[in-house]
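The next block holds one structure in the form of structure tokens; read it before the comments.
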Amino acid sequence: MRSRAKACSNIAIIKYWGCADPEMNIPLNSSISITLEKLYTVTEVEFSSRFYRDEIRIDGERICGDDRRRIVDFLNFIRNMKGRNIKARVNSTNNFPRGAGLASSASGFAALAAAACDAIGLHVNGRELSKIARVGSGSAARSIYGGFVELVAGKDHDGCFAYQLAPPSMMKIRDLILIVSRDKKSVSSKEGHRIAVTSPLCECRIRIVRSLLPELRSAIMRRDFDKIGEIAERDAMMMHSVMMTSSPPLIYWSGETLEIMRKVVEMRDEGIKAYFTVDAGANVHVLTTPSYESEVAERLNKYEMIRSGIGRGVKIC
Ligand code: DP6
């Protein structure tokens, strides 16, 4: 009873920040992301009646404490669905720094959901798998699919699933990921989602996001890169405004984050197609097109950079 899966990370254009149900990771608003081919996790899961406890390794390190609890709870959810109480060995590797705001929980829980379900014999379709992955991490639901993906907020577990809006071949977007910090963030997204509603701006952002969602869907269908970029920047700024005004305030940016954001705006003033977005961390994603990629990369070459295109969905490998 062993299986291995590979899942790519994703970057949200319209982000998820704040939970309606923190236990099941039901978000307050729907979100739309791009799956990233160059950031991925490969996870192997083995269930056996010979194992007397769950053992979890990530990037060669034996996981304990709260991180272990989160993964064991997730395995329990899958074991309950199958009705089998059987322990597991999980071995997971990321090709990028974990917990540094590069969405390792997205690729991590998407790969774990796929490998664990396959290994235990729970054969589900993509929509069901996205719901299961969401229980591990909200953004993981979107990493089940490739291309442009929406996570529908929904009211309950059944109504909250991801689906593919458009395949990777829809258009060529490049994401230049600038790693300005490899440190694990001091406040987890889980905690951030919990306190989002303490910000007076949270409700306002949710209202604006409701009108941005149809705009973004149609921009993707029209292959309108500028509109996609504008929405990405706008929602990143709105989400970070919510973060900064919650209690306690969350400030994920560093000086370099701001420096890069300014450079991107400057480039745009010169006619270069580039837009930024920032998740719950200091690292910056710069979205551009293949024809501007080398120029944007050159202007930002003093930072450590990963260049990614649009990736595919999770697969058993
Ligand atoms: C800012 O669902 O990834 O990246 O699993 O606790 O890390 P954790 O939360 P997660 O939250 C995503 C927050 C975000 C925005 C987004 O990806 O939509």
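Note that the numbering runs from 1 along the sequence shown for the chain. Just follow the structure's listing: the first ligand is 1, and inside any ligand the first atom is 1. Because the structure is a prediction, the values reported are computed rather than measured.
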Between Phe161 and Tyr163, how do the two ring planes meet: parallel, tilted or perpendicular, split at 30° and 60°?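 Tilted: the ring planes of Phe161 and Tyr163 meet at 30° to 60°.
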
His193 vs Trp17 aromatic rings, parallel, tilted or perpendicular, using cut-offs 30° and 60°?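 Tilted.
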
For residues [X] and [Y], is any side-chain donor paired with an opposing acceptor at under 3.5 Å?
X: Ser199; Y: Thr245; value: yes
X: Ser137; Y: Ser105; value: yes
X: Tyr303; Y: Glu259; value: yes
X: Arg174; Y: Thr288; value: no

Below 3.5 angstrom, do we get any N/O pair linking [X] and ligand 1?
X: Met239; result: no
X: Trp17; result: no
X: Lys15; result: no
X: Arg142; result: yes

In terms of atom number and element, which parts of ligand 1 are under 4.0 angstrom from non-hydrogen atoms of [X]?
X: Lys190; result: 6 (O)
X: Ser105; result: 3 (O), 5 (O), 7 (O), 8 (P)
X: Gly138; result: 2 (O)
X: Ala12; result: 16 (C), 17 (O), 18 (O)
X: Ser137; result: 2 (O), 3 (O), 5 (O), 8 (P), 10 (P)

With respect to atom 9 (O) of ligand 1, which of Ser189, Ala280, Ser31 exhibits the smallest heavy-atom separation?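 Among Ser189, Ala280, Ser31, the closest heavy atom to atom 9 (O) of ligand 1 belongs to Ser189.
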
Going by an N to O cut-off under 4.0 Å, is there a salt bridge joining Arg205 and Asp235? yes

Which bit of Arg70 gets closer than 4.0 Å to ligand 1, counting heavy atoms only: side chain, backbone, both or neither? side chain

Of the backbone atoms (N, CA, C, O) and the side-chain heavy atoms from C-beta on, which set of Ser139 has a member under 4.0 Å from an atom of ligand 1: side chain, backbone, both, or neither?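 Looking at Ser139 and ligand 1, atoms from backbone and side chain both fall under 4.0 Å.
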
Could you tell me whether Arg222 atom CZ has more than 12 heavy atoms of other residues or ligands within 6.0 Å of it? yes

